[in-house]
Amino acid sequence: MNPEWNSAFERLGAMIAGSSRVRVFPGRAAPPDLVEDVERELGLPLPASYKFWLAEYGNLSIGPDPVFGLAEPEHRDVADDDLIYNARL
C-alpha cells in the first residue's frame with residue numbers, strides 16, 4: 001500500500017467520525033474472497049485504494065447517497081448499493 005494512502009485514510013476516518021452526514025454501518029467490511037469474486041465477475045482489477053476502503057469500511061452513505069460496496073453473491077440482484085448490481089444495469 002502506498003504510504004501516502006495511509007495518511008489519506010487516517011484523514012478520511014477522522015472526517016467520517018466528525019460528520020453527521022456520513023454514516024458507516026459497522027460489520028460490513030468486505031472480505032478478500034468477496035473482492036476477488038467481484039474482480040473476476042467484472043473482468044478487471046479494482047484499484048488498490050478502493051480495495052483498502054472495502055476492507056476497512058465496506059459501506060458508506062453520504063447524506064442520501066451510498067458509496068458502492070459489495071453485497072454477498074446471493075443478495076446482488078436486490079442490493080442497490082452493490083457495485084456488481086449497478087455494473088449490470
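Each residue takes its place number in the sequence, starting with 1. The structure presented is a predicted model; accordingly, all values stated were derived computationally and were not measured.
To the nearest 0.5 Å, the span separating CG on Asp81 from CZ on Arg28 amounts to 5.5 Å. Remark: Asp82 CG to His75 NE2 distance equals 10.5 Å, nearest 0.5 Å. In this structure, CD1 on Ile84 lies 11.5 Å from CZ on Phe68, to the nearest 0.5 angstrom. Between the OH atom in Tyr85 and the CG atom in Asp80 there is a gap of 6.0 Å [rounded to 0.5 Å]. Note that NZ of Lys51 and CD of Glu36 are 8.0 Å apart. Values are rounded to the nearest 0.5 Å.
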Checking salt bridge (charged side-chain N to carboxylate O under 4.0 Å, His left out) for the pair Glu41/Arg76: CA distance, chi angles, key distance, verdict?
CA-CA 12 Å; Glu41 181 159 342; Arg76 284 192 185 138; 3.5 Å; yes
Stepwise salt bridge (charged side-chain N to carboxylate O under 4.0 Å, His left out) check, Arg21 with Asp65
CA-CA 10 Å; Arg21 290 184 40 86; Asp65 302 313; 5.9 Å; no
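Of the residues Asp37, Val35, Asn59, the one that meets the side chain to side chain contact (heavy atoms under 4.5 Å, CB included) test with Leu70 is Val35.
In this pair, Tyr57 and Trp53 present their aromatic rings tilted. The plane angle is within the 30 to 60° band.
Scanning both residues, Ala29 and Ala55, for their nearest heavy atoms gives CB-O, 3.2 Å. In this structure, Pro45 and Glu39 approach most closely via the heavy-atom pair CA-OE2, 3.4 Å.
Linking Ile, Leu, Val, Met, Phe, Trp and Tyr residues whenever their side-chain heavy atoms come within less than 4.5 Å leaves Leu83 and Val78 in two separate clusters.
Using a 4.5 Å cut-off on side-chain heavy atoms (C-beta onward), Leu54 and Leu34 make no contact. Met15 is not listed as a side-chain neighbour of Val22, based on a closest heavy-atom distance of 4.5 Å or more.
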